[in-house]
2 protein chains.
Amino acid sequence: MKKRKPTIKDIARRLDISVSTVSRAIRGAEDVNPITKKNVLDLAEKIGYKKSVLAAGLASKKSYLIGVIIPELTVPFFGRVILGIEQFLKPLGYDLIIVHSDEQEQKEKECIDILLDRQVDGILISLSFNTKSDLHLKKAMEEEVPIVVFDRILPKSELPIPRVIVDDFEAGYQATNHLINKGYKRIAFIAGPEDLYISQQRLKGYRTAMERNGFGTSADLIVPTLDLRRSVGQALDKLMVLKEKPDAIVALNDPIAFRVIRLLQKRGIEIPQKIAVMGISGDDMGELFNPSLTTINQPAQEMGFVAANLLIDRMNAMKDAKKQGKIFIPMAILKKLPISLIEREST
Amino acid sequence: MKKRKPTIKDIARRLDISVSTVSRAIRGAEDVNPITKKNVLDLAEKIGYKKSVLAAGLASKKSYLIGVIIPELTVPFFGRVILGIEQFLKPLGYDLIIVHSDEQEQKEKECIDILLDRQVDGILISLSFNTKSDLHLKKAMEEEVPIVVFDRILPKSELPIPRVIVDDFEAGYQATNHLINKGYKRIAFIAGPEDLYISQQRLKGYRTAMERNGFGTSADLIVPTLDLRRSVGQALDKLMVLKEKPDAIVALNDPIAFRVIRLLQKRGIEIPQKIAVMGISGDDMGELFNPSLTTINQPAQEMGFVAANLLIDRMNAMKDAKKQGKIFIPMAILKKLPISLIEREST
DNA sequence: AAAATTACCGAGAACGTTTCCGGTAACGCT
DNA sequence: AGCGTTACCGGAAACGTTCTCGGTAATTTT
């Protein structure tokens, strides 16, 4: 009935050795006789020993927890990123605690606090659509928990932290170029909030492609959305009242593109005959639409993998520095992942 | 530079009181002078004290972590459920650790182990598509961590644990009924794995609706899918080779329905003129399809809320029992949530 | 006025690890 | 033979809380 959980003390007693030795054996640390080690491990297995993460964390000041902050739970892209993160971190013994900011800067700050309270060993974060400041990231840095930002980063953050993104310029460029190659001439771009780095870059890519091909970039053709849901309609409205309507639309991301497709169809506009639509994300969902969505694939899973990798690197660097008594000097790293075109029916 | 984090000891020293009193004050426990309490809280705030969850957990044998196991990260339905869970649990000071089983029974077991290792205070789980046994749930019960199952439950589990689902029979019944009212006569049903409770119940609802209206339920019209991706095509193939093709299809859930729509369109079949399609889930995504998907809405967020509520109830019940020295006798609870029809264009 | 109750507080032992600091024995080297 | 290494291992102090048990003074009850 009273099944007290076995501890390393129990093991130590039964094997008549010290707890330190048991601890070393279990941790797979150096300086322990292979035979003793085997004995310990066998007994541990036999009596169903489970190490207390709490106690271990308390003693070692590590929690083996990594916090992940994403803007929304239901965006497929982030689901794929998390897969990549797990893939890298699980084998190392880390678990994930996932929180979401609901695309609000305020909640994002709270998320950081929660994670800091939990004493996570590191944080992976993708900024919300409307985040404008990076003070909360700074806070994490001050508490010496390493942090890396992925996908949604801040344009001109001076913070010396690793960031991993896809080559957003290329994404915008290739998307636009693809449409140009297909013969479209008046290509519009639906952007995101001004401060959003991915939006800026993709837009830049769009502009460059247009100009290189001798199409100007009339301001009419560039319209913003402030969120993923409601404002897509307004953005599209702006395009549809133009005297010269666009014959193709590049959307900032797939979710927006889905809505564009839907709204165009409601207006009875044929895709891609009248207007072509391009997304940027590579969501699987795009395949199921009619017409299916041509898009720029972002290597989401790889992004998670790389981000996790950078985080661990940073953690190790900090540990090493501390070990040598030096102070750690954080540096900015910006890693760009290559993108690729997925051509489907909407263009 | 060496900014050691403040602890309750620091507070105790500076206020010249004992750590126990500080602990009580911070915990908001009984038996502490309001003035002392205020002093403690003020100072804590001032010096930026953060309680160590690790230490607190170790001492109190609570982690204030709740584990959530879902089959897939990218399914919108589960995202919404998690929202509901958070809504209930956050105010109580609990954080969530979310893991996913990737629809595999084996991984599901591993998830349980991970959570148990983390000493979560409770587990909320939705079973994978292919889970057939509940031994791993038993394991959790043995370790005395309360567990509640939501949405995807086991048909005839004898385990005395709370479960919350939607009224799946009603869902199947209403979906079918809706089609019948619309004048469809040969209605097919795309089911899930045999052991899946939600599949059984929805199918039963379908059958009942058919029979009550004088349509038989020819076995031809009921086809299974074993997963959400590949096998939808095979299921549909089986329907399309029938001499008498169906004029409407009820899919087990929205993701399957999305695929059905797409596959039918590829065959050039008009929806809903030739064949109508119904989903069950209430995913927002359905709105964006063309035609948009008629579906049965499951109150996902409410489900999360209710499940979390049941979990806390159970936790309290266990604590009370222990306090009184009695042994806790777990009981099964089955809570059914009402569903509703969302009529759109696909029917 | 004595007894009982209440309100508040302190001491100190957990909780289950890790880690630092030594210590011993065996071995190899000059 | 003496000395430095190396390979293992143990003792004991952290880590930052909670919790049980008493204890004192003030307050109420009898």
Worksheet item: If you check every side-chain atom of A/Ala55, which of C/dT17, D/dG10, D/dC8 has the closest atom?
Response: C/dT17
Discussion item. Nearest to the side chain of A/Ile17, heavy atoms from C-beta on, is which of C/dT18, D/dG10, C/dC9?
Written reply: D/dG10
Item to complete: Counting heavy atoms from C-beta on, name the nucleotide in C/dC15, D/dC9, C/dG10 closest to the side chain of B/Ala59.
Response: C/dC15
Practice prompt. Decide, yes or no, whether a salt bridge links A/Lys139 with A/Asp113 under the criterion of side-chain N to carboxylate O below 4.0 Å.
Written response: yes
Worksheet item: Hey, are B/Lys61 and B/Glu144 close enough for a salt bridge, meaning a charged N less than 4.0 Å from a carboxylate O?
Response: no
Worksheet item: Do any N or O atoms from the side chain of A/Glu108 and from the backbone of A/Ser101 form a donor-acceptor pair under 3.5 angstrom?
Response: no
Worksheet item: Under 4.0 angstrom, heavy atoms only, what part of the nucleic acid is A/Leu54 near: base, sugar-phosphate, or nothing?
Response: nothing
Practice prompt. Consider the side chain of A/Val19, meaning its heavy atoms from C-beta on, and name the nucleotide among D/dT17, C/dG16, C/dT18 that approaches it most closely.
Written response: C/dT18
Worksheet item: Taking OP1 and OP2 of D/dC9, is either one under 4.0 Å from a side-chain nitrogen or oxygen of A/Thr36?
Response: yes
Worksheet entry | Electrostatic pair B/Arg118-A/Asp95, nearest N-O below 4.0 angstrom | yes
Worksheet item: CG of B/Asp121 versus P of D/dT18: gap in Å, rounded?
Response: 14 Å
Item to complete: Please work out if B/Asp31 contacts a base, only the sugar-phosphate, or nothing of the nucleic acid, heavy-atom cut-off 4.0 Å.
Response: base
Worksheet item: In terms of side-chain heavy atoms of B/Thr21, which of C/dC9, D/dG16, C/dT18 is nearest?
Response: C/dC9
Worksheet item: So, are B/Lys38 and B/Asp42 salt-bridged, with charged N and O less than 4.0 Å apart?
Response: yes
Worksheet entry | Rounded distance (Å) that lies between atom C1' of C/dT18 and atom NZ of A/Lys51 | 9 Å
Worksheet item: Side chain of B/Lys61: nearest nucleotide among C/dC9, C/dT17, C/dC15?
Response: C/dC15
Discussion item. By the 4.0 Å heavy-atom rule, please label A/Lys9 as base, sugar-phosphate, or nothing.
Written reply: base
Worksheet item: What integer distance in Å separates B/Asp117:CG from C/dT17:C1'?
Response: 15 Å
Discussion item. Expressed as a whole number of angstroms, how long is the span from A/Tyr64:OH to C/dT17:P?
Written reply: 15 Å
Worksheet item: Do A/Ser23 side-chain and C/dG16 base share a donor-acceptor contact under 3.5 Å?
Response: no
Item to complete: Could you state the atom-to-atom distance from CD1 of A/Ile26 to C1' of C/dG16 in whole Å?
Response: 11 Å
Discussion item. What contact category does A/Ser20 fall into here, base, sugar-phosphate, or nothing, at under 4.0 angstrom with non-hydrogen atoms?
Written reply: base
Item to complete: Would you please confirm or rule out a distance under 4.0 Å between OP1 or OP2 of C/dG10 and any side-chain N or O of B/Ser18?
Response: yes
Fill in: Under-4.0 Å side-chain N/O to phosphate OP1/OP2 contact, B/Arg27 with D/dT17
no
Discussion item. Using whole Å, what does the distance between atom P of nucleotide D/dC8 and atom NZ of A/Lys37 come to?
Written reply: 11 Å
Worksheet item: For the pair made of CG in A/Leu58 and P in D/dC15, what is the distance, rounded to whole Å?
Response: 9 Å
Worksheet entry | Atom-pair distance (CZ on B/Arg24; P on D/dT17), nearest Å | 15 Å
Item to complete: Taking the six-membered ring of B/Tyr64 (Phe, Tyr or Trp), confirm whether the NZ or CZ of B/Lys62 is under 6.0 Å from its centre and within 45° of its axis.
Response: yes
